[in-house]
Number of protein chains: 2
Amino acid sequence: MSKSNGTKAKTGRRPAKAAAAPVRADGGPGGSQVSLGRLGDFVGFRLRRVQNHLSRHFATATAAEGLRSGLFSSLALIEANPGISQIALSREVGQDKSVAVAIVDDLEKLGWAERRRSTTDRRRHALYVTAAGQAKLDALFAVVDETESAVLHQLSPGEKQLLSELLDRMYAAIAGGES
Amino acid sequence: MSKSNGTKAKTGRRPAKAAAAPVRADGGPGGSQVSLGRLGDFVGFRLRRVQNHLSRHFATATAAEGLRSGLFSSLALIEANPGISQIALSREVGQDKSVAVAIVDDLEKLGWAERRRSTTDRRRHALYVTAAGQAKLDALFAVVDETESAVLHQLSPGEKQLLSELLDRMYAAIAGGES
DNA sequence: ATCATTAGTGGAAAAAGTCAACTATCCTTG
DNA sequence: CAAGGATAGTTGACTTTTTCCACTAATGAT
């Protein structure tokens, strides 16, 4: 996934030809000096930047497992809500129900979760996390924790708390404002 | 694998999150009552929820235009950095350069941006926003503004400011911690 | 029993992301 | 100034994700 360049980090310096534009094309990730313009006025953009990095970091750290996106959060939600139905799960993750089915297929194949026919409603498959799934969840949560810590280390505990609270308030506006 | 559970996992099982708001997932007003469990302990999850809604809302609002993803931010970056090269643009958006080419193709087809051969370096295509592109950007930024306002309305001006600052600090940790 | 509704499933189609060539141009160095 | 390496742009093939839609099975209401 890295650059297909065999030679790297060479950063060939060219003699800075007094460019009229304030744009320097060179520079690695984060080192670019590109203006954000109006984009920088929106929190959504900042949100996206940070979240993008977090999810990418998590994906990289768990790439060896070959987990499909959404699998981790689905497993975590099953753990938090034993016996949840696949449709409720899909609603929660915000994906199509067919995606939830595929994820649960993977989860069963991995032995981390299992379907059990509901006794009261035989249409439903009640979902449960297995012991192996519990163990894996611990490991995955550890990765998330580590990923976040690297970024949240800049914030004081009070600031972390405040950040969570603000985000919750924003989300509450979303969840409550729909019909 | 690695079922060595003799050591106590200190990363798991902390039931208390002490958040100001009860950690409940969405499901709409009075809808499903799904617990988030450990997921609720992480700001990354809250970040994702909110950001997910924002981008989805923006996509819905601009669906009529049939804009490919990344087109808007690319156009905004061209506006903010007149004469930027396609490669610098791709680096900024975090995508492959071939994607940037495709986006600029669309942009030219729509008449919102144009390529001009750089006079100093004839390999490069300097990118500029057209008058029509400016107008479209205004409209698109208005959509973003409206999308955000609906969510940020819950926050006081001071809180918005603080939120941006916290996110910036987090992003600075990301950008500075590499290379 | 009939009909509308919901849970679950599979598969096709569209979109998005990834990779590898290949050309043209530039820069460096001998 | 010629040679070799590096950079900008472009194209096309390919893989992975998302999204949508049809279809079955079970439930509930009339």
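Just so we're on the same page: letters track the sequence lines, and every chain starts at 1.
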Exercise for the section: Treat primed atoms plus P, OP1 and OP2 as sugar-phosphate and everything else as base, then score nucleotides 20-30 of chain D 5' to 3': B for base contact with protein heavy atoms under 4.0 Å, S for sugar-phosphate contact only, - for none. Expected result: B-----BS---
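Rounded to whole Å, the distance from CZ on B:R124 to C1' on D:dT10 is 16 Å. One interatomic measurement links the two molecules: CZ of B:R116 to C1' of D:dG9, which rounds to 18 Å at whole-angstrom precision. Across the protein-nucleic acid pair, B:R56 atom CZ and D:dT19 atom C1' stand 10 Å apart, rounded to whole Å. Between the C1' atom of C:dA24 and the NE2 atom of B:H125 lies a distance of 11 Å, rounded to the nearest Å. Rounded to an integer number of Å, the gap from CG of A:D105 to P of C:dA7 is 18 Å. What separates CD1 of A:I87 from P of C:dT5 is a distance of 14 Å, to the nearest Å. Between A:I103 atom CD1 and D:dT19 atom P the separation is 12 Å, expressed in whole Å.
A:V151 places none of its side-chain heavy atoms less than 4.5 Å from the side chain of B:V43.
Within the structure, salt bridge (charged side-chain N to carboxylate O under 4.0 Å, His left out) pairs that include any residue of residues 51-61 of chain A do not occur (at least two apart or interchain). Applying the salt bridge (charged side-chain N to carboxylate O under 4.0 Å, His left out) rule to pairs touching residues 137-158 of chain B yields A:R38-B:D138, sequence neighbours excluded.
For the side-chain contact (heavy atoms from CB on, under 4.5 Å) test, residues two or more places apart in sequence or in another chain that qualify with A:L162 are A:E165, A:L166, B:L162. Residues passing the side-chain hydrogen bond (donor to acceptor under 3.5 Å, both in side chains) test with A:N81, sequence neighbours excluded: none. Not counting sequence neighbours, the partners of B:S118 by the side-chain contact (heavy atoms from CB on, under 4.5 Å) test are B:T120, B:D121, B:R124. For the salt bridge (Lys or Arg N to Asp or Glu O under 4.0 Å) test, no residue two or more places apart in sequence or in another chain qualifies with A:R122.
At the phosphate of C:dT9, OP1 or OP2 sits under 4.0 Å from a side-chain N or O atom of A:Q86. Of the side-chain N and O atoms in B:Q95, none sit less than 4.0 angstrom from OP1 or OP2 of C:dA16.
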Distance-only donor-acceptor pairs under 3.5 Å for side chains of residues 95-104 of chain A, two or more places apart:
{"unit_1": "A:D96", "atom_1": "OD2", "unit_2": "A:S98", "atom_2": "N", "d": "3.0"}
{"unit_1": "A:D96", "atom_1": "OD2", "unit_2": "A:S98", "atom_2": "OG", "d": "2.8"}

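Out of C:dG10, C:dT9, D:dG9, the shortest distance to the side chain of A:R115 is found at C:dT9.
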Sort me out a list of protein N/O and nucleotides 14-17 of chain D N/O pairs below 3.5 Å, or just none if empty.
none

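Between B:F141 and B:F72, the two ring planes are perpendicular [angle over 60°; tilted spans 30° to 60°].
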